[in-house]
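All remarks here apply to the structure that follows.
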Amino acid sequence: MTPAPKVAYLVPHTHWDREWYLTFPEFRVMLVRAVKGVLDALEQDPEFRHFCLDGQAVALEDHLEAAPEDEERLRRHVRSGALAVGPWYVLPDEFLIAPETHVRNLLLGHEVASSFGPVQKVGYAPDAFGHVAQMPQILRRAGIGTFVYQRGNGDEIDRLGWEYAWRAPDGSEVLALCLPGGYCNAGGLGFEEIWHTHTAREVDPARAVEQVRALFSRYAERSRTDLWLLLNGCDHFPAQRDFGRVLAALSAAFPRTVFRPASLTEYLSSL
């Protein structure tokens with residue numbers, strides 16, 4: 001029998017590189033298209049209740065520079081909690097910047113995000129390639145008690161499990177979650193390749209079930225709880241198509257699991 005959690009928290013999101021294998025202007029065309037699609041989904045699909053805008057508030061500025069007509073919509077959804085923004089301004093590689101920059105990154109991220117509504121108080125660092133030992137101390141001073149990431153462990157993760165308390169040299173602690181399968185672990189559900197989410201291909205709910213079945217098996221290897229996090233997105237991803245249909249298929253395939261569309265904050269509060 002496939003292992004399954006008591007509750008699977010499904011968090012729609014995107015991860016945004018401002019400049020990578022395309023230029024900043026090219027990626028911004030994709031950003032505007034994706035954000036407009038998210039706003040439409042939040043307003044038109046009753047099953048699609050929340051979206052995480054990657055933990056970096058600069059995405060709000062980048063979008064509005066190109067699409068200022070969306071400002072009221074963005075503010076409305078951030079204020080309601082449907083759109084999660086912050087706490088960072090950008091998501092850097094932690095070892096390539098000066099120590100003080102981490103603090104100023106959080107200060108500026110809070111300033112920008114709070115001008116729209118509540119700040120997402122989660123230490124979300126999905127794509128960094130390692131983490132400074134003082135991160136729990138920095139986060140605690142910013143009023144954040146959690147950390148979500150995918151890279152940087154050695155074999156100690158076999159002993160710690162996916163969920164554990166991370167302690168900085170000064171004794172500060174946060175609840176850490178190492179993401180099994182990474183921040184794309186439930187991205188592009190229902191597609192032969194998750195990157196097909198960028199094209200007009202039809203969603204296959206049965207394939208979504210098999211993707212989640214494989215993720216559940218990986219979660220069961222090291223999880224200490226029966227509350228598991230499914231991150232429904234990936235690099236530059238738009239909102240999941242046919243979200244309600246996929247959700248219904250998962251609920252039918254795993255009758256002992258409650259699939260709960262949620263925010264990172266809701267999941268970590270339960271954890």
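Please read all numbers here as calculations on a predicted model, not as lab measurements.
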Can you find a pair of side-chain heavy atoms, one from [X] and one from [Y], that are under 4.5 Å apart?
X    : Y    : value
Y219 : P3   : no
F95  : F129 : no
S263 : V11  : no
R224 : W162 : no
L74  : E71  : no
R222 : I157 : yes
E61  : Y89  : yes
I144 : V174 : no

According to a hydrophobic-cluster definition based on side-chain heavy atoms being under 4.5 Å apart (Ile, Leu, Val, Met, Phe, Trp, Tyr only), do [X] and [Y] belong together?
X    : Y    : value
L83  : V32  : no
L96  : I138 : no
F24  : L31  : no
V112 : V119 : no
L229 : I194 : no

Atom [atom1] in [X], atom [atom2] in [Y]: separation rounded to 0.5 Å?
X    : Y    : atom1 : atom2 : answer
L39  : Q44  : CG    : CD    : 10.0 Å
T101 : L106 : OG1   : CG    : 11.5 Å
D242 : L189 : CG    : CG    : 11.5 Å
L250 : R213 : CG    : CZ    : 10.0 Å
R207 : Q211 : CZ    : CD    : 7.0 Å
T225 : L177 : OG1   : CG    : 8.5 Å

Step by step, would you call H102 with M135 a side chain to side chain contact (heavy atoms under 4.5 Å, CB included)?
-> CA-CA 9 Å; H102 288 293; M135 185 57 69; 4.2 Å; yes
Examine distances only and state if a side-chain atom of [X] and a backbone atom of [Y] form a donor-acceptor pair shorter than 3.5 Å.
X    : Y    : result
N185 : L231 : yes
Y267 : L227 : yes
T257 : K6   : no
Q137 : A168 : no
W16  : V58  : no
N232 : A186 : yes
Q150 : L179 : no
K121 : T146 : no
N105 : V90  : yes
Q56  : L91  : yes

Regarding [X] and [Y], does a basic nitrogen lie under 4.0 Å from an acidic carboxylate oxygen?
X    : Y    : value
R140 : E173 : no
R76  : E43  : yes
R159 : E156 : no

Do [X] and [Y] have a side chain donor and acceptor closer than 3.5 Å?
X    : Y    : result
D54  : H13  : no
T197 : Q240 : no
Y149 : D127 : no

Do the ring planes of [X] and [Y] sit parallel (below 30°), tilted (30 to 60°) or perpendicular (above 60°)?
X    : Y    : result
F147 : W166 : tilted
W20  : H236 : tilted
F259 : F254 : tilted

Apply the test salt bridge (Lys or Arg N to Asp or Glu O under 4.0 Å) to residues R73 and D40: give CA-CA distance (whole Å), side-chain angles for both, the deciding distance (0.1 Å), then the verdict.
-> CA-CA 10 Å; R73 297 174 77 195; D40 289 343; 2.8 Å; yes
On a heavy-atom basis, which atom in [X] and which in [Y] lie closest, and how many Å separate them?
X    : Y    : answer
P126 : Y183 : O-CD2, 3.4 Å
H110 : S114 : O-OG, 2.6 Å
R218 : P180 : CG-CB, 4.1 Å
P205 : A249 : CB-CB, 3.6 Å
A34  : P238 : CB-CA, 4.2 Å
V246 : A208 : CG1-CB, 4.0 Å

List the steps and the verdict of side chain to side chain contact (heavy atoms under 4.5 Å, CB included) for V7 and W228.
-> CA-CA 7 Å; V7 184; W228 295 352; over 6 Å; no
Could you go through the side-chain hydrogen bond (donor to acceptor under 3.5 Å, both in side chains) check for E163 and S223 one step at a time?
-> CA-CA 7 Å; E163 312 92 350; S223 182; 2.8 Å; yes
The side chain to side chain donor-acceptor pair (under 3.5 Å) partner of R28 among E65, E19, H63 is E65
Chi angles and distances behind the side-chain hydrogen bond (donor to acceptor under 3.5 Å, both in side chains) call for S269, E266 = CA-CA 5 Å; S269 294; E266 289 170 320; over 6 Å; no
Looking at H77 versus F51, is the centre-to-centre ring distance below 6.0 Å?
-> no
W195 ring center near F237 ring center (under 6.0 Å) | yes
CZ of R79: more than 12 outside heavy atoms within 6.0 angstrom?
-> yes
For atom CD of E100, is the number of surrounding heavy atoms from other residues, nucleotides or ligands below 6.0 Å larger than 12?
-> no
For side chain to side chain contact (heavy atoms under 4.5 Å, CB included), just list the numbers for D93 and I97, CA-CA rounded to whole Å, side-chain angles, deciding distance to a tenth of an Å, and then say yes or no.
-> CA-CA 7 Å; D93 188 299; I97 60 177; over 6 Å; no
Tell me, with the steps shown, if M30 and R33 meet side chain to side chain contact (heavy atoms under 4.5 Å, CB included).
-> CA-CA 5 Å; M30 297 170 64; R33 186 182 303 126; 4.2 Å; yes
Give the C-alpha distance, both sets of side-chain angles, the deciding distance and a yes or no for salt bridge (Lys or Arg N to Asp or Glu O under 4.0 Å) between R245 and E47.
-> CA-CA 9 Å; R245 190 164 157 236; E47 296 289 347; over 6 Å; no
